Trainee: 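Dropping the structure in here first, questions after.
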Amino acid sequence: MNKKVTYLIVGQGLAGTWLSYYLSQQEISFVIVNSASQAAASKVASGVINPVTGRRIVQTWIIEEVLPFSVAAYNSMQEMLNTTLIQKTPVVLIHPSEQMKESFEYRLHHDNVYLQTIHEEISLSNFNTPFGTGMIDSCYWIDLNKMLSQWKQLQIEKENYITDDFELNDVTITNENVCWKNITANKIIFCDGVNAFNNPYFNTLPFAPNKGEALIVEIKNLSPHFIYKSNITIVPWKADLFWVGSNYEWDFDNLHPSESFKQKMIEALNQLLTFPYEIKDHLVGLRPANKERRPFVGYHPIYKNVGIINGLGTKGCSLAPFFAAQLMAHDLNGAPIHPEASLSRFNELLSKNSLS
Ligand SMILES: Cc1cc2nc3c(=O)[nH]c(=O)nc-3n(C[C@H](O)[C@H](O)[C@H](O)COP(=O)(O)OP(=O)(O)OC[C@H]3O[C@@H](n4cnc5c(N)ncnc54)[C@H](O)[C@@H]3O)c2cc1C
């Protein structure tokens, strides 16, 4: 049976989930096509929203706006799905070196919004802390796997979801509409993560995929109410399981879990913890990153019904709801997309790419 919708969304990671969420809030029709075989960064991500970053512990890009917006978004999504998706989970910093301790202490007293000293009631007796500790407040943990699977289930029930591999050969795009198999849509939005890097509509964008790995480790008796960050990060995952990672590889020749990463994590865990632990799994993903470290949000300058939400890099949890909402507001009432994220900054580059 043929189906007519306003939006066809390719991909249901964080970007596709949040775009379809805002469409459903506005009662605008859509279909999501998501592949069962293509990898999703959102499924291996630790799900952390952390407002500070780097060795200098500075605030992340536009976090003052993005943090309250995203926290409210996850709260409304969890209310709609009648489950728990977001938890305030402070980051306990276990300084890995004298230099990081000094960085923390400097930042604690200069332009500080999110850093604190550790409360006395947090027990770190099972950690080695030779360089001292600190804390980042206003951090959140999102249960991404629960969110993705429950949203998928709801959209299957509403007949808004197709499990399939979207291929450009199967689609006809004209100024009037987009026809893919038995679906006719007004617009198509690519939310397909690193797969977009090969999409002829967008492959001239400065994409730079980044490989990241994590171990899933069982650690009994470790409080799941905190994220622990040293030269590795330990994040609550489920029950006694913790996510341990990660690395940021710009040069890689395969997507396999690497023995060198595993050994590095074991060494770091042995240094950090006096708890016993057991490795249960080893995950790998590709972050849809780019050279500018800014998202790509908006429409192609020539093919005006072909859009994208991509380039979420290491910050998909906070940026996806924020920029999906901006794309929605842009479509509904012409509101501007943040100039550093708007695809229009690449109009000249994308205009040269006529696909003819
Ligand atoms: C190890 C690791 C840890 C991370 N930790 C964090 C973190 O703690 N916090 C944070 O904010 N971010 C984190 N990230 C980054 C985060 O995962 C990404 O920013 C985010 O998931 C990107 O979402 P996306 O929807 O753009 O892409 P994806 O999650 O990759 O989703 C793309 C979707 O498109 C589908 N798809 C692709 N091609 C096709 C096709 N041809 N047809 C149909 N469907 C298709 C895929 O199956 C997938 O479901 C981490 C990433 C990694 C790798």
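First listed ligand is number 1; within each ligand, the first listed atom is number 1. These figures come from a predicted structure and were not determined experimentally. For this chain, numbers begin at 1 and follow the sequence in order.
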Trainee: Quick one: do E292 and R345 make a salt bridge, cutoff under 4.0 Å?
Mentor: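 Yes, this pair counts.
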Trainee: Only counting residues at least two apart or in another chain, list the ones meeting salt bridge (charged side-chain N to carboxylate O under 4.0 Å, His left out) with K264.
Mentor: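 Partners of K264 under the salt bridge (charged side-chain N to carboxylate O under 4.0 Å, His left out) test: none.
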Trainee: Look at the side chain of Q38 and the backbone N and O of N195, then say whether any donor-acceptor pair between them is shorter than 3.5 Å.
Mentor: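 Not confirmed, Q38 side chain does not pair with N195 backbone.
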Trainee: Within 45° of the axis and under 6.0 Å from the centre of the six-membered ring of W61, does NZ or CZ of R294 qualify?
Mentor: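 Output yes; distance and angle both within limits.
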Trainee: Is the shortest distance from a Lys or Arg side-chain nitrogen in R107 or E105 to a carboxylate oxygen in the other one below 4.0 Å?
Mentor: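 Looking at E105 together with R107, the answer is no, because their closest N to O distance does not fall below 4.0 Å.
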Trainee: So which residues, sorted by chain and number, lie with a heavy atom under 4.0 Å of ligand 1?
Mentor: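 Correct list: G11, Q12, G13, L14, A15, V33, N34, S35, Q38, A39, A40, A41, S42, V44, A45, S46, G47, V48, D164, D165, F166, C191, D192, G193, N195, G212, W243, S246, G285, R287, P288, L312, G313, T314, K315, G316, C317.
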Trainee: Report the residue from Y74, F322, F323, W151 that forms a ring pair (Phe, Tyr, Trp, His ring centres under 6.0 Å) with W18.
Mentor: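 Looking at Y74, F322, F323, W151, the match for W18 under the ring pair (Phe, Tyr, Trp, His ring centres under 6.0 Å) is Y74.
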